[in-house]
Amino acid sequence: MASGGPRVLVVGGGIAGLGAAQRLCRHPAAPRLRVLEATAGAGGRIRSERCFGGVVELGAHWIHGPSQGNPVFQLAAEFGLLGEKELSEENQLAETGGHVALPTKSCTSSGTNVSLELVAEMASLFFGLIDQTRDFLNAPETPVASVGEFLKRELNQQVATWTEDEDTKKLKLAILNNFFNIECAVSGTHSMDLVALAPFGEYTVLPGLDCTFAGGYQGLTNHILASLPKDSMVFEKPVKTIHWNGSFQEDAFPGETFPVLVECEDGTRLPAHHVIVTVPLGFLKEHQDTFFEPPLPARKAEAIRKLGFGTNNKIFLEFEEPFWEPNSQFIQVVWEDTSPLQNTALSLQDAWFKKLIGFLVLPSFESSHVLCGFIAGLESEFMETLSDEEVLLSLTQVLRRVTGNPQLPAAKSVLRSRWHSAPYTRGSYSYVAVGSTGDDLDVMAQPLPADGTGTQLQILFAGEATHRTFYSTTHGALLSGWREADRLIGLWDSQVQRSRPRL
Ligand SMILES: Cc1cc2nc3c(=O)[nH]c(=O)nc-3n(C[C@H](O)[C@H](O)[C@H](O)COP(=O)(O)OP(=O)(O)OC[C@H]3O[C@@H](n4cnc5c(N)ncnc54)[C@H](O)[C@@H]3O)c2cc1C
């Protein structure tokens, strides 16, 4: 570690923390830099695992909007991590409106196939309504508080105009219920009734057809990690409390006084001039009362409480032989007895799997055939409490139902994420919940002390939940890390300016 420069600690080694460290370590102020990471690896919610003879993503899956305005895309291209198709201009220019691709197959819970034309018709209706939510951006008031209520209100009007027979109407509603579940997975929430309507349109979609990393998303964070000075990353170093607005002296730094002292779970005490906090919003929700001493100002504490942080998980199933057609990409599962306009009070134990949106067919595995299911909300959190055997059994039963084949061989193995149980994450990603606004995301990003008294920029905040328009994404997280690094660099540069003799 360089000696003499400002001492900076970054808490959290996800893409926000790594991005901040990458930018700071190149600055001539030569900061004495350490990244303190609670777990044994870097990447945080970017987590690729070698499994089934290939690589699977337990966390981030796609580069959303892979085009020139996306720093994750740019870095990935620079590091040579993307293929020709992903880099092509055609891919970069594609406009998806942020909506997921249509399924290549849609099955019902009684084992019949749904016509893809009907699915496309319902998708167009649903995504059309999602697009209409943008009309409320900056509106002084909204007719209802949540995206879910708005969608249901509009759908009720549409349903009244449907002229088909009762069975077709029920099937259309069941398909729409699946689209509600997809939107919950996209937004990382239990219900769209929890997502605030007015700020929903503030989330910004970049152009480009979402793409993946053939060698794993974590190749990106590993590249950033490799560019940091040796020994700057400290693993298995969970931070317990950040003491700030103080005047700390430690034996290891004789003659120096620091405004911040970071106390780790193992009792280590690390003084610093500046700390960049990048821990997930889920962790802050659980620990903010003890994580900061003195406590956070009321506005920031409120923002942490009000913003949403839900769960989206993945369940990978490995099969001996594929039972799906060779060109399948996404198999949608439609539960015939469901409707977004009706609340069914089924127990989580009996019905958790009905929240599963379907299965993505993973490409490019040597000898295995792998499906990836997505499930959000309380059902997803319940799934985390089950054993692998229980999950495998339930999903085998689901697949036997939807294929209409009671003899369908069970998957030979299962792997899943458990983001809600992960003690240093406590969920998947953030959303603007009813009762909060985009201003709360900005408040999350404000450094401390907020009132301008005391040493400047003692604690800075980065991470996906601090980006007003790209929250919940890897590019939002990376940009937030760079933003806070630039904030510190701005301070150092202004100090150099002030100390220069005038001619
Ligand atoms: C299932 C899932 C799918 C996703 N899919 C996508 C996708 O397709 N595209 C996309 O753009 N985004 C996706 N995301 C979101 C994306 O992964 C995150 O927005 C992004 O990785 C967050 O980065 P971060 O640096 O802000 O936080 P994190 O990656 O969570 O990093 C924070 C780090 O802080 C550490 N930490 C926590 N507490 C402490 C402590 N007390 N002391 C020290 N260290 C601590 C954590 O261990 C972690 O490593 C997905 C996320 C999940 C969970």
Side-chain angles (χ1 to χ4, degrees), residues 9-21 34-48 56-66 70-73 98 100 185-188 206 210-213 217-218 220-221 224 233-242 262-266 270 275-284 286-288 290-292 309-315 360 372 374-376 380 416-420 422-431 444 461-467 470-481 484:
L9 296 174
V10 177
V11 183
I15 193 167
L18 293 172
R34 283 275 187 276
V35 181
L36 308 175
E37 167 54 44
T39 68
R45 281 170 275 169
I46 295 179
R47 201 168 134 208
S48 316
V56 295
E57 308 291 359
L58 288 175
H61 207 103
W62 293 277
I63 304 179
H64 291 309
N70 185 327
V72 165
F73 173 73
V100 297
V186 170
S187 291
L206 294 169
D210 289 2
C211 68
T212 56
F213 291 76
Y217 222 125
Q218 224 173 324
L220 178 75
T221 42
I224 305 179
M233 192 83 197
V234 190
F235 293 111
E236 297 182 304
K237 202 76 174 165
V239 168
K240 185 178 171 202
T241 304
I242 300 170
V262 170
E263 184 189 342
C264 300
E265 290 284 357
D266 64 5
L270 302 167
V275 175
I276 304 183
V277 173
T278 73
V279 303
L281 176 60
F283 179 89
L284 286 177
E286 191 170 59
H287 296 286
Q288 67 154 315
T290 52
F291 201 59
F292 300 96
F309 195 78
T311 304
N312 181 25
N313 273 310
K314 301 181 188 176
I315 309 174
L360 197 66
C372 171
F374 291 78
I375 181 165
S380 190
R416 65 215 155 108
S417 59
R418 290 192 192 86
W419 289 106
H420 181 70
Y424 298 107
T425 315
R426 307 300 276 139
S428 296
Y429 33 89
S430 51
Y431 61 93
M444 290 291 296
F461 292 83
E464 55 88 11
T466 70
H467 200 287
F470 293 147
Y471 57 87
S472 81
T473 65
T474 55
H475 52 282
L478 178 60
L479 283 172
S480 74
E484 296 311 310

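When a ligand or atom number is given, it counts from 1 through the structure's own listing order. Keep in mind that what you see is a predicted model, and the values were worked out from it rather than measured.
For the atom pair Ser430 OG and Tyr471 OH, the distance stands at 8.0 Å (nearest 0.5 Å). Distance CZ/Phe73 to SG/Cys211: 6.5 Å, rounded to 0.5 Å. To the nearest 0.5 angstrom, Thr425 atom OG1 is 7.0 Å from Phe309 atom CZ. For the atom pair OG of Ser472 and CG of Leu281, the computed distance is 12.0 Å after rounding to the nearest 0.5 Å. Interatomic distance, Arg418 CZ to Ser380 OG, rounded to the nearest 0.5 Å: 11.5 Å. Summarising the geometry, atom OG belonging to Ser417 is positioned 11.5 Å from atom CD belonging to Glu57; distances are rounded to the nearest 0.5 Å.
Annotation: Lys314 places no N or O atom under 3.5 Å from an N or O atom of ligand 1; distance criterion only. Checked against a 3.5 angstrom limit, the closest N/O atoms of His475 and ligand 1 fall outside it. Considering backbone and side-chain atoms alike, Ile15 places an N or O below 3.5 Å from some N or O of ligand 1. The shortest N or O to N or O distance between Ser428 and ligand 1 is not below 3.5 Å. Not one N or O of Phe291 is nearer than 3.5 Å to an N or O of ligand 1, by distance alone. Residue contacts with ligand 1: Val239 is placed with a nitrogen or oxygen under 3.5 Å of a nitrogen or oxygen of the ligand (distance criterion only). Where the criterion is an N or O separation shorter than 3.5 Å, residue side chain and backbone included, Pro238 fails it with respect to ligand 1. Between Trp419 and ligand 1, no N or O atom pair is found at a separation short of 3.5 Å. Between Glu464 and ligand 1, at least one N/O pair is under 3.5 Å apart. Where the criterion is an N or O separation shorter than 3.5 Å, residue side chain and backbone included, Arg45 meets it with respect to ligand 1.
For the side chain to side chain contact (heavy atoms under 4.5 Å, CB included) criterion with His475, the lone passing option out of Ile15, Ile63, Asn70 is Asn70. Each of Leu9, Val277, Leu36, Val275 was checked for a side chain to side chain contact (heavy atoms under 4.5 Å, CB included) with Val239, and the lone residue meeting it is Leu36.
Closest to atom 50 (C) of ligand 1 by heavy atom, among Tyr217, Phe283, Tyr429, Tyr471, is Tyr429. The option with the heavy atom closest to atom 15 (C) of ligand 1, from among Ala42, Ser472, Ala465, Gly188, is Ser472.
Only the backbone of Leu36 comes within contact range of ligand 1, with a heavy atom under 4.0 Å; no side-chain atom does. In Trp62, the parts holding a heavy atom less than 4.0 Å from any atom of ligand 1 are both the side chain and the backbone. In Thr425, neither the side chain nor the backbone holds a heavy atom less than 4.0 Å from any atom of ligand 1. Residue contacts with ligand 1, taken as heavy atom pairs separated by less than 4.0 Å, do not involve Ser417 at all. Contact annotation: for Tyr424 versus ligand 1, heavy atoms closer than 4.0 Å belong to both the backbone and the side chain. By the criterion of a heavy-atom distance under 4.0 Å, the side chain of His64, and not its backbone, is placed next to ligand 1. Using a 4.0 Å cut-off between heavy atoms, Asn312 contacts ligand 1 through its backbone alone, with no side-chain atom that close.
Under 4.0 Å is where a charged nitrogen must lie from a carboxylate oxygen, and between Glu464 and Arg45 at least one such pair does. A salt bridge links Glu286 with Arg426; the closest basic N to acidic carboxylate O contact falls under 4.0 Å.
Close contacts of ligand 1 with Gly14, meaning ligand atoms under 4.0 Å from a residue heavy atom, involve 25 (O), 29 (O), 31 (O), 33 (C), 49 (O). Listed by number with element, the atoms of ligand 1 under 4.0 angstrom from any heavy atom of Ile46 are 21 (O). In the vicinity of His61, heavy-atom distances shorter than 4.0 Å reach the ligand 1 atoms 5 (N), 6 (C), 7 (C), 8 (O). Applying the 4.0 Å criterion to heavy atoms of Gly43 picks out, from ligand 1, the atoms 29 (O). Applying the 4.0 Å criterion to heavy atoms of Gly463 picks out, from ligand 1, the atoms 26 (O). Residue-ligand proximity, Leu58 to ligand 1, at heavy-atom distances under 4.0 Å covers atoms 1 (C). Here is the list of ligand 1 atoms found below 4.0 Å of a heavy atom in Ala16: 25 (O), 26 (O). Here is the list of ligand 1 atoms found below 4.0 Å of a heavy atom in Thr39: 47 (O).
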**Request:** Quick one: do Glu37 and Lys237 satisfy side-chain contact (heavy atoms from CB on, under 4.5 Å)? Show the steps, please.
**Result:** CA-CA 5 Å; Glu37 167 54 44; Lys237 202 76 174 165; over 6 Å; no

**Request:** Go through the steps for Thr474 and Tyr217 under the test side-chain hydrogen bond (donor to acceptor under 3.5 Å, both in side chains), then give the verdict.
**Result:** CA-CA 10 Å; Thr474 55; Tyr217 222 125; 2.9 Å; yes

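Atom 49 (O) of ligand 1 has Glu37 OE1, 2.6 Å as its closest protein atom, hydrogens excluded (heavy atom only). When hydrogens are left out, the protein atom nearest atom 4 (C) of ligand 1 is Ala60 CA, 3.4 Å; that is the closest non-hydrogen contact. Looking only at heavy atoms of the protein, atom 34 (O) of ligand 1 is closest to Gly12 CA, 3.2 Å. The protein atom (non-hydrogen) at minimum distance from atom 32 (C) of ligand 1 is Thr278 O, 3.5 Å. Ranking the protein heavy atoms by distance from atom 39 (C) of ligand 1 puts Val279 CG1, 3.5 Å first. Ranking the protein heavy atoms by distance from atom 11 (O) of ligand 1 puts Thr474 N, 2.9 Å first. Among all protein heavy atoms, the one lying closest to atom 23 (O) of ligand 1 is Ala477 CB, 3.4 Å. The protein atom (non-hydrogen) at minimum distance from atom 44 (N) of ligand 1 is Ala38 N, 3.1 Å.
With sequence neighbours excluded, the residues satisfying side-chain hydrogen bond (donor to acceptor under 3.5 Å, both in side chains) with Lys314 are His61.
Using modelled atom types, one side-chain atom of Thr278 and one backbone atom of Gly12 make a donor-acceptor pair closer than 3.5 Å. Looking at Ser428, its side chain does come within 3.5 Å of a backbone N or O of Asn312 through a donor-acceptor pair. Side-chain atoms of Thr241 do not come within 3.5 Å of backbone N or O of Phe291 as any donor-acceptor pair.
In this structure, His287 has its ring center closer than 6.0 angstrom to the ring center of Phe283.
Ring geometry, Phe470 versus His467: the interplanar angle falls under 30°, so the pair is classed parallel (tilted spans 30 to 60°).
For Leu478, the heavy-atom gap to ligand 1 stays at 4.0 angstrom or more. Under a 4.0 Å heavy-atom criterion, Phe374 is not in contact with ligand 1.
Taking the side chain as every heavy atom from C-beta outward, Leu58 and Ser48 never approach each other to under 4.5 Å. Under the 4.5 Å side-chain criterion, counting only non-hydrogen atoms from C-beta, Phe374 is not in contact with Asn313.
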